[in-house]
Amino acid sequence: MKSLLKRDFIAGIACLVIAAFVVWHGQDYSYGNLNNMGPGYLPRILGIALAICGILTILGAINSMERVPRINVRALVFVTLGILTFAFTMNRIGMLPATFLLIHISALSESPYRIFRTLALSLSLCLLSYLIFIVGLNMPIRLHPWSF
């Protein structure tokens, strides 16, 4: 029963549970065939593939010695808080300030908060977000509170 505490074993079980859920819900749709695929074809195939991956992961976990890591509660809280802050402020204050807040709140999960490193990261990610979403994809996203 030592293998029940291994990270890979738990991941394999999670894959099997998700695969069972996907295949079970895929039963509600017609399967079709390879030439004429129905809406239930892809969920079943992906569920079966995920189940195979789960079984292979469980088999690999039986031989490994890696244990489940301790949960970093501080990181869990601050990264989740950063994501929620981004989600709730994106439309109100714009993408650039919301990204800036996301990075700085998430950076509080590290024990020594490094202000200059975090500032450089947030500014570069703001620039990269601008280049990808506004310039590259031409998406109508609010950049700051005064836009639109």
Side-chain angles (χ1 to χ4, degrees), residues 1-29 37 39-148:
M1 288 309 239
K2 278 182 167 178
S3 63
L4 288 177
L5 297 176
K6 294 180 183 175
R7 178 192 320 187
D8 291 342
F9 186 84
I10 294 171
I13 294 295
C15 287
L16 286 176
V17 168
I18 294 169
F21 181 76
V22 168
V23 170
W24 180 57
H25 276 290
Q27 299 288 333
D28 295 339
Y29 302 106
M37 296 179 206
Y41 188 84
L42 185 64
R44 286 187 200 160
I45 295 299
L46 291 178
I48 291 168
L50 185 61
I52 292 170
C53 289
I55 290 169
L56 292 174
T57 304
I58 290 171
L59 291 176
I62 293 173
N63 295 328
S64 82
M65 291 301 203
E66 190 173 347
R67 298 277 178 212
V68 176
R70 295 174 64 173
I71 295 176
N72 185 346
V73 177
R74 180 179 174 158
L76 181 66
V77 167
F78 281 112
V79 170
T80 304
L81 185 63
I83 292 169
L84 290 174
T85 302
F86 180 83
F88 289 123
T89 61
M90 170 77 175
N91 288 333
R92 290 181 179 88
I93 64 174
M95 179 181 68
L96 299 180
T99 302
F100 190 82
L101 285 173
L102 166 68
I103 300 303
H104 283 273
I105 292 171
S106 297
L108 292 173
S109 65
E110 294 181 357
S111 182
Y113 179 73
R114 296 177 178 96
I115 186 71
F116 294 113
R117 189 177 93 183
T118 305
L119 186 62
L121 178 64
S122 63
L123 291 176
S124 63
L125 285 177
C126 285
L127 176 65
L128 188 63
S129 298
Y130 172 77
L131 291 174
I132 290 172
F133 295 112
I134 305 300
V135 176
L137 298 174
N138 199 21
M139 294 180 74
I141 296 175
R142 177 181 224 166
L143 286 178
H144 49 77
W146 304 281
S147 60
F148 286 169

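Numbering of residues begins at 1 and proceeds along the displayed sequence.
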Check the pair Phe86 / Leu101 against side chain to side chain contact (heavy atoms under 4.5 Å, CB included), numbers first and verdict last. CA-CA 7 Å; Phe86 180 83; Leu101 285 173; over 6 Å; no
pair [X]-[Y]: side-chain heavy atoms closer than 4.5 Å:
{"X": "His104", "Y": "Leu119", "value": "yes"}
{"X": "Leu102", "Y": "Thr85", "value": "no"}
{"X": "Ile52", "Y": "Ile48", "value": "yes"}
{"X": "Met90", "Y": "Ile141", "value": "yes"}
{"X": "Met95", "Y": "Met139", "value": "no"}
{"X": "Leu125", "Y": "Ile103", "value": "yes"}

Would a distance-only check, ignoring hydrogens and angles, find a side-chain to backbone donor-acceptor pair under 3.5 Å from [X] to [Y]?
{"X": "Ser109", "Y": "Ser106", "answer": "yes"}
{"X": "Arg44", "Y": "Val23", "answer": "no"}
{"X": "Ser124", "Y": "Leu121", "answer": "yes"}

What heavy-atom pair brings Phe9 and Ala61 nearest, and what distance separates the two atoms?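 That would be N-CB, 3.3 Å.
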About how many Å separate CD1 of Ile105 and CZ of Phe78, when rounded to the nearest 0.5 Å?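 Rounded to the nearest 0.5 Å, the CZ-CD1 separation comes to 9.0 Å.
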In terms of heavy-atom contacts, does OH of Tyr113 have more than 12 from other residues, nucleotides or ligands at under 6.0 Å? yes
When you look at OH of Tyr41, are more than 12 heavy atoms from neighbouring residues, nucleotides or ligands closer to it than 6.0 Å?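 Check passes, neighbour count above 12.
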For Leu81 and Leu108, run side chain to side chain contact (heavy atoms under 4.5 Å, CB included): C-alpha distance rounded to whole Å, both residues' side-chain angles, the deciding distance at 0.1 Å, then the answer. CA-CA 10 Å; Leu81 185 63; Leu108 292 173; over 6 Å; no
Can you tell me how the ring of Trp24 sits relative to the ring of Phe21, calling it parallel under 30°, perpendicular over 60° and tilted otherwise?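 The arrangement is tilted - the two ring planes meet at 30° to 60°.
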